[in-house]
Each structure stands twice: as C-alpha cells, then as structure tokens.
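Below: the structure, in structure tokens.
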Amino acid sequence: MPHPTGAKVVALSKLSFRVFLILTAAVVLPVAAPGCRAQSGGIAGKYECAHVKVHGKVKACSSAQLTLKNDGRFELRGWEGEYVVSGQYVELSDKSVKSKAKLEPGYKLVFRYHGKDGIVEVTYERRLSAPGDEALS
C-alpha cells in the first residue's frame, strides 16, 4: 500500500475537523439554544382571569380569556401574537407591544404593571376542565 502524501493527509485532517464541527454543532445547539418560538405544550392552554389586585386590595376580574397555543402563539381579546417562555417568565408580543408575566406554581400567570391607580397585579389561572361541550386545547 502506498503511503499517503502530505497533501492527502492535510485534506483528510481538514475533512475530519469539519465533520467533527458539524457533529458537535448538531449536538450542542439544540441544548444551548435559549427559548424557542414553538412551545412544548407545558404551559399551553386556556387561562381565565382569577383576580386583580390594586393597592393590595383584591377585586373581581372581568378580563377576557387568554389562550396559549402549542405553536407559540396566543390570543387575548383580539390581540394575537407570539409568546416565549424564558425561565420564570412568559413574554407575549406582537410587532409593537410586549407584555411579561411571571409563571407561578399551579399554572398561574401574574402580570404586574403601573396603572392609573398604581401597581396592578392581574392573575390568570389555567382552566382544568371545560364548561359544557367546549374542548380545551
């Protein structure tokens, strides 16, 4: 068998290095990538406003239902856009507006913002059963 020349050895080592880089990227990127658009379905579902707290006083909530879909999209009273889960927070956004809610145990989303009456806290809870024949998503 003839011994490979220096040029062939260099070409083989470059090819081996490229294959190594591609395989490493294929393994590392899915693990290291921060939040992604499509959601796993862990928090997807229909959420109803449980209560509103203004100046520490709890009030009844009449806000519309929030729907988080498995594909990373949401709907809230005609507002549609995408959501991304990042650590303990869910960020809802469209082209011009962003809103952030804290994830709390028991499938609760808590939005906090400064309203005309001071700090407002709106808590949404995931519906566990559907009324009537309505299907949960």
Side-chain angles (χ1 to χ4, degrees):
M1 256 166 92
H3 194 300
T5 63
K8 287 183 181 177
V9 170
V10 170
L12 284 174
S13 65
K14 283 184 178 179
L15 179 63
S16 297
F17 185 69
R18 286 182 183 156
V19 169
F20 172 75
L21 286 178
I22 291 169
L23 290 175
T24 302
V27 171
V28 171
L29 286 178
V31 174
C36 62
R37 292 279 180 222
Q39 302 301 311
S40 65
I43 68 161
K46 297 184 181 201
Y47 290 76
E48 295 211 358
C49 187
H51 61 272
V52 177
K53 192 185 291 185
V54 181
H55 291 299
K57 296 179 184 175
V58 177
K59 298 180 179 182
C61 185
S62 60
S63 294
Q65 173 178 278
L66 168 64
T67 303
L68 300 179
K69 300 179 182 182
N70 285 323
D71 65 358
R73 301 200 43 82
F74 75 89
E75 291 178 12
L76 176 64
R77 191 182 293 168
W79 182 34
E80 294 181 350
E82 296 179 342
Y83 73 93
V84 176
V85 178
S86 178
Q88 296 180 17
Y89 293 91
V90 176
E91 186 175 295
L92 310 177
S93 63
D94 64 11
K95 292 179 181 177
S96 59
V97 178
K98 287 187 179 182
S99 183
K100 194 174 190 179
K102 184 172 183 186
L103 284 166
E104 294 193 350
Y107 293 103
K108 293 180 185 179
L109 300 174
V110 180
F111 293 88
R112 289 183 181 94
Y113 60 92
H114 292 281
K116 64 180 181 179
D117 296 326
I119 296 177
V120 179
E121 187 175 282
V122 182
T123 302
Y124 280 84
E125 294 181 355
R126 188 159 133 186
R127 282 187 11 201
L128 298 178
S129 61
D133 293 331
E134 185 181 335
L136 291 175
S137 57

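Because only heavy atoms are used, hydrogens play no part in the values below, and waters and symmetry mates are left out as well, while side chains stay in.
Here the OH-CD distance, from Tyr83 to Glu91, works out to 13.5 Å after rounding to the nearest 0.5 Å. Here the straight-line distance linking atom NZ of Lys95 with atom CD of Glu82 works out to 10.0 Å at 0.5 Å rounding. One distance of note links CZ of Arg112 with NZ of Lys100; it measures 12.0 Å at 0.5 Å rounding.
With hydrophobic clusters built from ILVMFWY side chains whose heavy atoms lie under 4.5 angstrom apart, Val110 does not share a cluster with Tyr113.
Using a distance-only test at 3.5 Å, with no hydrogens or angles considered, no donor-acceptor pair links the side chain of Arg73 to the main chain of Thr67. Side-chain N or O atoms of Tyr107 include none that pairs as donor or acceptor with a backbone N or O of Tyr47 at under 3.5 Å.
Using a 4.5 Å heavy-atom cutoff, the side chains of His114 and Ile119 are in contact. Between Leu103 and Leu109 there is a side-chain heavy-atom pair separated by less than 4.5 Å. Side-chain contact check for Trp79 versus Leu92: some heavy-atom pair is nearer than 4.5 Å. The shortest distance between side-chain heavy atoms of Val120 and Phe111 does not fall below 4.5 Å. The shortest side-chain heavy-atom distance between Glu75 and Gln65 does not fall under the 4.5 Å cut-off. Put simply, the side chain of Tyr124 reaches to within 4.5 Å of the side chain of Ser63, judged on heavy atoms.
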